[in-house]
Amino acid sequence: MTTPKTDSPRDAKTGPRDFIREIVDEHNRTGRFDRRVHTRFPPEPNGYLHIGHAKSICLNYGLAAEYGGKFNLRMDDTNPEKEEQEYVDSIIEDVRWLGARWVGIRDDEPSAGVIWGSNYFDQMHAWAIELIKKGKAYVCDLSAEQVSRGRGTLTTPGQASPYRDRPIEENLDLFERMRTGEVPDGTKTLRAKIDMAHPNLNLRDPVMYRIVHATHHNTGDKWCLYPMYDWAHGFEDSLEGITHSICTLEFENHRPLYDWFIDAVNEGRTDDGSGPWGNKIHHPQQIEFARLNLTYTVMSKRRLLELVKSGLVCGWDDPRMPTISGMRRRGYPPEALREFCRRIGVSKVESTVDIALLEHCVREHLNKVAPRVLGVLRPLKLVIDNYPDDGVEWMEAINNPEDVSAGSRYVPFSKVLYIEQDDFRETPPPKYWRLYPGNEVRLRYAYFVKCTGCVKDAAGNVVEVHCTYDPATRGGDSPDGRKVKSTLHWVSAAHALAVEVRLYDHLFTKPDPDDVSDDALRAAGDGAAPAEPKPGFAAGDWKGNLNPDSLEVINPAWLEPSVADAASGARYQFERHGYFCVDKDSHERLAAGGSPANVAAGLRTGRRTPAISRCHTDVAADPRVGRSQPGARRLVFNRTVTLKDTWAKIEKKL
RNA sequence: UGGGGAUUAGUGUAACGGUAGCACAACUGACUCUGGAUCAGUUAGCCCAGGUUCGAAUCCUGGAUCCCCAGCCA
């Protein structure tokens, strides 16, 4: 418990210092940006946000909050061909849910305060004309392929475009024609005149504008001339007065260009506006950090989109996805995501964080706040032979041992219960403390029971366990002080609520989904049996590492009746199992005596692999479902994360 | 073979010339009406080689390895 000297007030609260905070401190020391801190999160609305974006949001918003600065949410929408309103909406919802508060945010209007990069198109266009007039940009007639060939290679310089020295007036005229729409897509671009021999390829006369005749989600058909990211992004930051333009490592090579564009505009401008071009524009500082990678999942938007489009998952918010919406649906609390982002830190080292840390943060938070309930996933009938046939007692159960203020509830107890199949063994392995003939255990909040035997079906499966109870142990304590090694959870068969439970596991079977070495081994024909079949996937395909057991649906599972009215999104701990939350699919009413209609939520018709794409139950699998609760609500629970399971580890080693 | 980054226990992250620390994971044990939680403990690290220095993860030199860049994507 050594406490390092904390010179900075931030140390304790916000975790370790990182290189970005050091840079900001330095700027504040030297007075650059007048001690102002203004950050932003600038997603392109071409997909849903994932946990990697959460890292960026927490960093950017956290910085602004810590330093008393401002934070903008801006859609970087410069490519009308890939961007959609659905993505805009999801991004706004996710950022808000994570807890980031941007300038102008309001609760009554989701998009209030959200900034669109496309709203700066007029200003950027004016600056482009300015660069043409300064002799720093030209209209190029080369095709995409010709531009590419002329760029040279990593080790050889590029060739100047034949249009490089076009007269300014001609450039101006052509650029205007590009804007008005008379120039077809792909035939002309506006390029910056920098240096075709520059060792940084980004400075070999990069394209500033291309022609795209497409309808933009925000500006409609106003433009057919669209700015490239490199040209647009720095100005978006500049116009908003962003001080620290924080982005990921792959943009490090672009920083010189980002700086060049702003310097080019500022040439001939002065602080007091006395120059020929007026006032200087703001020049933010770009800082790059390493993006987040997580084990057992993929993080690129391209791959996530591929999973969604191919139907291998049930949409962007599939609880197995590393998307913010998927994690929300899975039951991950925003507090856990924020804590995770705080703990992983920020650096320039490309790294892959163990998903166990994320799961730890989820458990840590849920342990403190989630009410406990009893639920049996794989039922085994337990009959208490010496209990009255029609007896029912309501046992008091603590809602949350971590939080006394959470109070208690009452759970019905009767002669016939369900316990977990795993909690009985006819012949117990070593260190097995649960129910087996002759052994006494405690039923949580109820009684001590002693196993007297079991009943098997024709196939030899245990279908029923019998026991006797000790009435003196009511509530779970023995007056004579005798101990039991184990406490089991249970539900009263007559009172239990039938629900659907979806058990999720990692999306991939390997920490690194790109590890396709198994395929190579198979291809080499070394005789080793493949670890698992990969139906439908080519050798070497990362999708071949998808976990076929990433979703298991249990229907019915049996819960204590107190959760009958649980709201969608409500989170619980099912004791001894894990944390679960009510899925949004929980909305239908059960028809009297019938089975729940199937909600094909997120069902896609695309190519599917069994198990991977199974998004829901096909029908009520058990005729008992709904049997006693006509008109009751269908309840679907997602397993957010399991509890740590020491016994599973012991059993594995046996 | 060009340019730009990076390298500290299994993983992630501190150290700013002065005892290599923290978290997760793993493993022990204690405790427990959740084999949960909690508590205590253990294992385990400076990419390599030189140099400067009383002293180097830190400064210098050389090397190795990994990542990014040749979209009219971002």
Side-chain angles (χ1 to χ4, degrees), chain A residues 2 4 15-18 22 42-44 46 76 78-79 81-82 140 142-145 147-149 151-158 185-191 197-204 206-212 226 228-230 232-233 247-256 288 290 295 301-302 343-361 363-364 367-368 372 374 397-398 401-402 431-434 442-446 448 475-477 484-489 511 573-578 642-651:
Chain A
T2 57
R17 309 285 299 145
D18 54 64
E22 285 179 356
E44 183 193 13
N46 69 343
D76 196 3
T78 55
N79 185 351
E81 293 180 307
K82 290 188 178 173
C140 180
L142 258 25
S143 69
E145 197 203 330
V147 169
S148 176
R149 249 187 284 123
R151 187 145 25 225
T153 71
L154 295 177
T155 51
T156 59
D185 288 11
T187 57
K188 281 182 175 28
T189 56
L190 185 72
R191 291 227 259 164
H198 203 285
N200 181 343
L201 270 49
N202 293 129
L203 284 100
R204 315 242 264 229
V207 171
M208 296 160 61
Y209 277 93
R210 80 284 209 180
I211 297 170
V212 183
Y226 286 94
M228 298 291 292
Y229 169 87
D230 282 324
H233 198 82
C247 63
T248 44
L249 249 29
E250 70 269 26
F251 293 103
E252 208 156 17
N253 293 332
H254 296 243
R255 182 169 10 115
E288 309 84 14
T295 55
K301 275 193 198 172
R302 200 202 92 238
R343 289 204 197 188
I344 58 176
V346 182
S347 75
K348 299 192 72 151
V349 187
E350 288 171 78
S351 58
T352 302
V353 176
D354 192 337
I355 199 166
L357 178 60
L358 211 209
E359 292 168 345
H360 168 82
C361 293
R363 288 190 190 101
E364 184 180 55
N367 177 49
K368 287 182 281 191
R372 271 61 168 171
L374 303 182
I398 306 294
E402 305 292 325
K431 292 188 183 167
Y432 186 88
W433 307 329
R434 280 114 90 146
R442 172 170 35 237
L443 295 177
R444 182 98 158 137
Y445 301 126
F448 282 17
D477 290 306
V484 288
K485 288 280 274 181
S486 185
T487 299
L488 308 187
H489 62 275
Q573 183 194 103
F574 292 4
E575 292 207 15
R576 302 212 298 139
H577 280 299
T642 62
L643 251 25
K644 284 211 222 162
D645 190 347
T646 306
W647 167 245
K649 279 183 191 171
I650 297 170
E651 199 177 24

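Chain letters run A, B, ... following the sequence lines, proteins first and then strands; every chain starts at 1.
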* All salt bridge (Lys or Arg N to Asp or Glu O under 4.0 Å) counterparts of A:Glu350, not counting sequence neighbours -> none
* Measure the shortest side-chain to side-chain distance between A:His233 and A:Phe251 over non-hydrogen atoms and say whether it is less than 4.5 angstrom. => no
Any base atoms under 4.0 Å from [X], or only sugar-phosphate, or nothing? Heavy atoms, all strands.
X	result
A:Val346	sugar-phosphate
A:Tyr226	nothing
A:Asp477	base

* Report the residues that fulfil side-chain hydrogen bond (donor to acceptor under 3.5 Å, both in side chains) with A:Arg255, sequence neighbours left out, ordered by chain and then residue number. => A:Glu288
In Å, rounded to the nearest 0.5 Å, how long is the span from [atom1] of [X] to [atom2] of [Y]?
X	Y	atom1	atom2	result
A:Leu488	A:Arg442	CG	CZ	10.0 Å
A:Gln573	A:Arg372	CD	CZ	4.0 Å
A:Asn46	A:Asn79	CG	CG	8.0 Å
A:Arg210	A:Leu190	CZ	CG	12.5 Å

Taking the [atom1] atom in each of [N] and [M], what is the distance between them to the nearest angstrom?
N	M	atom1	answer
B:A26	B:G45	C1'	16 Å
B:A15	B:A56	C1'	12 Å
B:A40	B:C31	P	15 Å
B:A9	B:C27	C1'	15 Å
B:U53	B:C16	P	23 Å
B:A25	B:G36	P	13 Å
B:U8	B:C67	P	15 Å
B:G4	B:U42	P	46 Å

Can you check the [X] [atom1] to [N] [atom2] distance for me, whole Å?
X	N	atom1	atom2	answer
A:Ile355	B:C24	CD1	P	17 Å
A:His198	B:G3	NE2	P	11 Å
A:Asp354	B:G10	CG	P	14 Å

* Structure fact -> For RNA chain B, the expected dot-bracket line (Watson-Crick or G-U under 3.5 Å, [ ] crossing, | inter-strand) is .((((((..((((....[..)))).(((((.......)))))....(((((..]....))))))))))).....
* Asked: Between A:Glu250 and A:Thr248, does any side-chain donor sit less than 3.5 Å from a side-chain acceptor?
  -> yes
* To do: Taking only Lys NZ, Arg NE, NH1 and NH2, and the carboxylate oxygens of Asp or Glu, determine whether A:Lys368 and A:Glu364 approach each other closer than 4.0 Å.
  => no
* To do: Would you mind checking if A:Lys301 and A:Glu44 are paired as a salt bridge, meaning a charged N to carboxylate O distance below 4.0 Å?
  => no
* In B/S/- notation, 5' to 3', how is nucleotides 35-45 of chain B contacted by protein heavy atoms closer than 4.0 Å? -> BBS--------
* For nucleotides 67-73 of chain B, just jot down a letter per nucleotide in 5' to 3' order: B, S or -, based on protein non-hydrogen atoms under 4.0 Å. => SBBBSBS
* Run the side-chain contact (heavy atoms from CB on, under 4.5 Å) check on A:Thr642 and A:Arg363 step by step: do they pass? -> CA-CA 8 Å; A:Thr642 62; A:Arg363 288 190 190 101; 3.6 Å; yes
* To do: With sequence neighbours excluded, tell me which residues meet ring-ring contact (aromatic ring centres under 6.0 Å, His included) with A:Trp433.
  => none
* Take A:Ile344 and A:Leu357 through the test side-chain contact (heavy atoms from CB on, under 4.5 Å) and record every step on the way to the result. => CA-CA 9 Å; A:Ile344 58 176; A:Leu357 178 60; 3.9 Å; yes
* Since syn is defined as within 90° of 0, does B:G21 count as syn or as anti? -> anti
* **Upstream residue (5' side of RNA chain B) when A:Lys649 and A:Thr155 are each assigned their closest nucleotide** => A:Thr155
* Asked: Given that A:Glu252 and A:Leu443 both sit by RNA chain B, which one's nearest nucleotide is further toward the 5' end?
  -> A:Glu252
* To do: Would you indicate, yes or no, if B:G12 has its OP1 or OP2 atom less than 4.0 angstrom from a side-chain nitrogen or oxygen of A:Ser347?
  => no
